[in-house]
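What follows is a short report on a single structure.
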Amino acid sequence: MIHELRLFFIALQFLTRVPAPRWVGFEPAWLNQSARHFPVVGLCVGAVSALVLMLGHALFGPPLAVGLAMAASVLLTGAFHEDGFADTCDALGGAVGRERALEIMKDSRIGAYGAVGIVLMLGLKAAALVSLPLAAALPALLLAHTASRAAAVALIRVLPYAGDVDHAKAKPMAQRIETSGVVVALGWVVLVALALVLHDPRQAWAVALSLLLALIGTVWCARWLRRRLGGYTGDALGATQQITELLMLLGWVAMTRAA
């Protein structure tokens, strides 16, 4: 149990700006193992965003509340996933080969594809949240942030690392995780989904559709990355998280409007 708690704090420090307690320590292999708890970190980020959204609704109304909620999640993570999405857009937006795409991903500058991509991504997520009543936006945020991190974990299992492992920024994350790690990650998603349905059974169809869209998005990203890069990179994992998060929010909006 202590080791799992240690892995959670390592995952929290890796995916956010929250430092791990000093007693946690660090071994390179632990970073790879900590991927099983990425969805829990997503749940924490979603919870902070949901809290800001709830307070913002009470003080400022929906549009400003959504902006503040999204800003809170970006500040908490240091735009970790958004940066990966922008880099992936730059690398794969044009008709370039695999080697050139990997070179572009290493470039810290943002290009036209990345700028347009991140504006559209943030704009679409904001529009989706504004379209949802508060009672639906809160659980949507919790589940989307949780499951989208699990999508990235799944890619670490099913795809090889596409870049140069020796020059990877986080070498342990360039290694495939064990199947048990994916099972644990998916288990966290199931727990959150069940908790939301038990809390309000009327959310069952929205939960089901958003999870289905997350699965479709994950499979699509895996096939896209395999075709274009031959595998995943850290930036591609961030892009997968952003894409599946947006798909889940859109699914929640669709079910809310259909209800």
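We number each residue from 1, following the sequence as shown. Quick caveat, the model's predicted, so the values are computed rather than measured.
Between Met1 and Leu5 there is no side-chain heavy-atom pair separated by less than 4.5 Å. Considering only heavy atoms from C-beta on, Leu237 comes within 4.5 Å of Ile156 through its side chain. In this structure, Leu209 and Trp252 have side chains that are not in contact, with every pair of non-hydrogen atoms separated by 4.5 Å or more. Using a 4.5 Å heavy-atom threshold, the side chains of Tyr113 and Leu92 count as separate. At a threshold of 4.5 Å between non-hydrogen side-chain atoms, the residues Phe80 and Thr16 do not count as touching.
Hydrophobic clustering, with ILVMFWY side chains joined whenever heavy atoms are under 4.5 angstrom apart, keeps Leu198 apart from Val207. Hydrophobic clustering, with ILVMFWY side chains joined whenever heavy atoms are under 4.5 angstrom apart, groups Met121 together with Val130. If you chain together hydrophobic residues whose side chains sit under 4.5 Å apart, Leu12 and Val24 fall into the same group. The hydrophobic cluster containing Leu211 does not contain Leu194, counting ILVMFWY residues as joined when their side-chain heavy atoms lie under 4.5 angstrom apart, directly or transitively. Transitive grouping of hydrophobic side chains (ILVMFWY, heavy atoms separated by less than 4.5 Å) brings Phe26 and Leu7 into a common cluster.
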### Query
Passes side chain to side chain contact (heavy atoms under 4.5 Å, CB included), Gln33 versus Ile177? Steps please.
CA-CA 7 Å; Gln33 295 171 22; Ile177 66 171; over 6 Å; no
### Message
What verdict does the side chain to side chain contact (heavy atoms under 4.5 Å, CB included) test give for Met70 and Leu129, after you've listed the backbone C-alpha separation in whole Å, the side-chain angles of each residue and the deciding distance to 0.1 Å?
### Response
CA-CA 10 Å; Met70 291 180 61; Leu129 289 171; 4.2 Å; yes
### From CA spacing to verdict: side chain to side chain contact (heavy atoms under 4.5 Å, CB included), Ile118, Cys89
CA-CA 8 Å; Ile118 199 62; Cys89 287; over 6 Å; no
### Query
Step by step, would you call Val96 with Arg228 a side chain to side chain contact (heavy atoms under 4.5 Å, CB included)?
CA-CA 9 Å; Val96 299; Arg228 292 298 307 275; 4.2 Å; yes
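Between Glu103 and Arg100 there is a salt bridge, with a side-chain nitrogen of the basic residue lying less than 4.0 Å from a carboxylate oxygen of the acidic one. With respect to the salt-bridge test (charged N to carboxylate O, under 4.0 angstrom), the residues Arg36 and Glu178 do not qualify.
Legend: salt bridge (charged side-chain N to carboxylate O under 4.0 Å, His left out) pairs involving residues 6-30, not counting sequence neighbours: none detected. For the ring-ring contact (aromatic ring centres under 6.0 Å, His included) condition, the pairs that include at least one residue of residues 203-230, sequence neighbours left out, are Trp220-Trp224. Sorted by first and then second residue, the side-chain hydrogen bond (donor to acceptor under 3.5 Å, both in side chains) pairs with a member in residues 182-202 read His37-Trp188, Asp200-Arg202; sequence neighbours excluded.
A distance-only check finds a donor-acceptor pair linking the side chain of Asp90 to the backbone of Gly111 [under 3.5 Å]. Judged purely by atom type and a 3.5 angstrom limit, Asn32 uses its side chain to pair as donor or acceptor with the backbone of Gln175.
Residues Ala162 and Leu102 share a closest heavy-atom pair of O-CD1, 3.6 Å. Counting all heavy atoms, side chain and backbone alike, Gly114 lies closest to Ile110 at C-CD1, 3.6 Å. Smallest separation of non-hydrogen atoms from Thr88 and Ala239: OG1-CB, 3.6 Å. Of all heavy-atom pairs spanning Trp23 and Phe9, the tightest one is CZ2-CE1, 3.9 Å. Of all non-hydrogen atoms in Thr244 and Gly217, the two that sit nearest each other are CG2-C, 4.1 Å. Residue Arg176 comes nearest to Leu159 through the heavy atom pair NE-O, 3.3 Å, listed as atom of the first residue, atom of the second, then distance.
Remark: Trp30 CH2 to Ile10 CD1 distance equals 6.0 Å, nearest 0.5 Å. How far CD1 of Ile104 is from CZ of Arg109: 10.5 Å, rounded to the nearest 0.5 Å. For the atom pair CG of Leu246 and CG of Leu124, the computed distance is 5.5 Å after rounding to the nearest 0.5 Å. Note that the CG atom of Asp83 and the CG atom of Asp235 stand 6.0 Å from one another [nearest 0.5 Å]. In this structure, Ile243 CD1 and Phe85 CZ are separated by 5.5 Å, a value rounded to the nearest 0.5 Å. Here OG1 of Thr77 is found 9.0 Å from CG of Leu15. Values are rounded to the nearest 0.5 Å.
Remark: Thr179 pairs with Arg157, Val183 by the side-chain contact (heavy atoms from CB on, under 4.5 Å) rule, at least two apart or across chains.
Taking the six-membered ring for Trp and thresholds of 30 and 60 degrees, Phe38 and Phe14 have nearly parallel ring planes, at less than 30 degrees apart.
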Can I get a per-line list of side-chain donor-acceptor pairs under 3.5 Å for residues 42-63, giving both atom names and the distance, sequence neighbours left out?
unit_1	atom_1	unit_2	atom_2	d
Ser49	OG	Ala69	O	3.0

Just list the side-chain donor-acceptor pairs under 3.5 Å for residues 135-153, sequence neighbours left out, or say none.
unit_1	atom_1	unit_2	atom_2	d
His145	ND1	Arg149	NH1	2.9
Thr146	OG1	Leu142	O	2.7
Ser148	OG	Ala144	O	2.7
Ser148	OG	His145	O	3.3
Ser148	OG	Gln241	NE2	2.9
Arg149	NE	His81	NE2	3.4
Arg149	NH1	His145	O	3.3
Arg149	NH2	His81	NE2	3.3

